[in-house]
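The next block holds one structure in the form of structure tokens; read it before the comments.
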Amino acid sequence: MSERSSQQTTGRPADPNAPAEPGSPATWGKRFVALVLDWILCLLVGTVLARLTGVFSNQTMVGFWAYPVLIVEYGVFVGVFGQTVGMRLARIACLRVSDHGRVGVPRALLRGFLLCLIVPPLVVGPGGRGLHDRAAGSIVVHT
């Protein structure tokens, strides 16, 4: 609901602390919280994988596992369910821009890979969408 329409219906400005409407673009704060939660989960899973496989299991390389785990997490969870665990807790979802449907596994894998490169999410364009979102044809919205 825009400030103008809220002011017309109630006679006073919209409350800036009101919760965001479902389907509106997610705030940077919620996106960051979701990413941090997902990253912590990926570090934990990656540490277990490193210990089980013995690959990159020394102390300096164990964090490497978080990158492929994050890409797979995004591919499965965003591609199939529209949300990662962190997104679910932050109450946001990643959907296709065209019709707000599921992104699909291939596009979610691309989005996860580009997210791991760090720079694409920082190059923000129209609507607050980073290069990773534009390449995957996705948008992160409030649920």
Side-chain angles (χ1 to χ4, degrees), residues 1-53 55-56 59-143:
M1 184 182 252
S2 71
E3 182 177 324
R4 183 176 175 175
S5 63
S6 173
Q7 195 169 12
Q8 287 175 347
T9 57
T10 63
R12 51 183 200 269
D15 180 13
N17 296 325
E21 294 181 16
S24 65
T27 61
W28 283 102
K30 283 192 171 193
R31 292 173 73 145
F32 183 73
V33 166
L35 182 60
V36 167
L37 292 172
D38 286 332
W39 188 253
I40 291 169
L41 178 65
C42 290
L43 283 171
L44 293 172
V45 171
T47 301
V48 170
L49 287 173
R51 300 290 183 243
L52 290 176
T53 64
V55 178
F56 296 124
Q59 190 66 27
T60 58
M61 294 296 290
V62 75
F64 167 80
W65 278 95
Y67 293 100
V69 170
L70 184 79
I71 294 169
V72 170
E73 178 197 21
Y74 266 76
V76 173
F77 286 100
V78 171
V80 177
F81 304 112
Q83 299 178 299
T84 61
V85 174
M87 288 178 175
R88 177 74 176 174
L89 293 172
R91 297 183 182 200
I92 58 176
C94 183
L95 306 172
R96 274 194 316 259
V97 172
S98 59
D99 62 357
H100 284 246
R102 301 286 186 244
V103 175
V105 174
R107 288 182 178 197
L109 287 169
L110 172 66
R111 188 178 187 280
F113 174 74
L114 292 174
L115 185 66
C116 286
L117 294 179
I118 300 171
V119 173
L122 298 177
V123 180
V124 180
R129 295 172 55 219
L131 284 179
H132 65 305
D133 278 325
R134 288 186 278 166
S138 63
I139 186 168
V140 180
V141 298
H142 291 100
T143 57

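Hydrogens, waters and symmetry mates play no part in the numbers below; they use all other heavy atoms, side chains included.
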Report task. Answer yes or no: is there a donor N or O on one side and an acceptor on the other, between the side chain of W65 and the main chain of V55, under 3.5 Å? Result -> yes
Query - Closest heavy-atom pair and its distance - A135, L114 - result: CB-CD1, 3.6 Å
Report task. Taking Q83 for its side chain and I92 for its backbone only, find out whether a donor-acceptor pair lies under 3.5 Å. Result -> yes
Requested in this report: Report yes if the side chains of V80 and R102 come closer than 4.5 Å at any heavy-atom pair, otherwise no.
Outcome: no
Query raised in the report: Does the side chain of E73 come within less than 4.5 Å of D38's, by heavy atoms?
Result: yes
Requested in this report: Apply the side-chain contact (heavy atoms from CB on, under 4.5 Å) test between F113 and each candidate in L115, L109, L117; give the one that qualifies.
Outcome: L117
Query raised in the report: Could you give the distance from CH2 (W39) to SG (C116), rounded to the nearest 0.5 Å?
Result: 6.0 Å
Query - side-chain contact (heavy atoms from CB on, under 4.5 Å) between T143 and R88, worked out - result: CA-CA 9 Å; T143 57; R88 177 74 176 174; over 6 Å; no
Query raised in the report: Can you check whether V85 reaches L37 side chain to side chain, under 4.5 Å on heavy atoms?
Result: no
Query raised in the report: What are the two closest heavy atoms between V103 and S138, and how far apart are they?
Result: CG2-CB, 4.1 Å
**Report entry** Spacing of NZ belonging to K30 relative to CZ belonging to R91, to within rounding of 0.5 Å
**Finding:** 7.0 Å
Requested in this report: Side-chain contact test, heavy atoms from C-beta onward, threshold under 4.5 Å: evaluate it for Y74 versus M87 and give yes or no.
Outcome: yes
Requested in this report: Count the heavy atoms of every other residue, nucleotide or ligand shown that sit under 6.0 Å from CZ of R96, and state whether that count exceeds 12.
Outcome: yes
Query raised in the report: Between atom NE2 of H132 and atom CG of L122, what is the distance when rounded to the nearest 0.5 Å?
Result: 9.0 Å
Report task. Supply the atom-to-atom distance I40 CD1 to L35 CG, rounded to the nearest 0.5 angstrom. Result -> 10.0 Å
Query raised in the report: Mind checking whether V141 and H100 have side chains closer than 4.5 Å, heavy atoms only?
Result: yes
Query raised in the report: Is the shortest heavy-atom distance from the side chain of V97 to the side chain of R134 under 4.5 Å?
Result: no
Query raised in the report: Of the non-hydrogen atoms in A136 and R111, which two are nearest, and what is the gap between them?
Result: CB-CB, 3.9 Å
Requested in this report: To the nearest 0.5 Å, tell me how far S98 OG sits from I139 CD1.
Outcome: 11.0 Å
**Report entry** Closest heavy-atom pair and its distance - L43, A66
**Finding:** CD2-CB, 3.6 Å
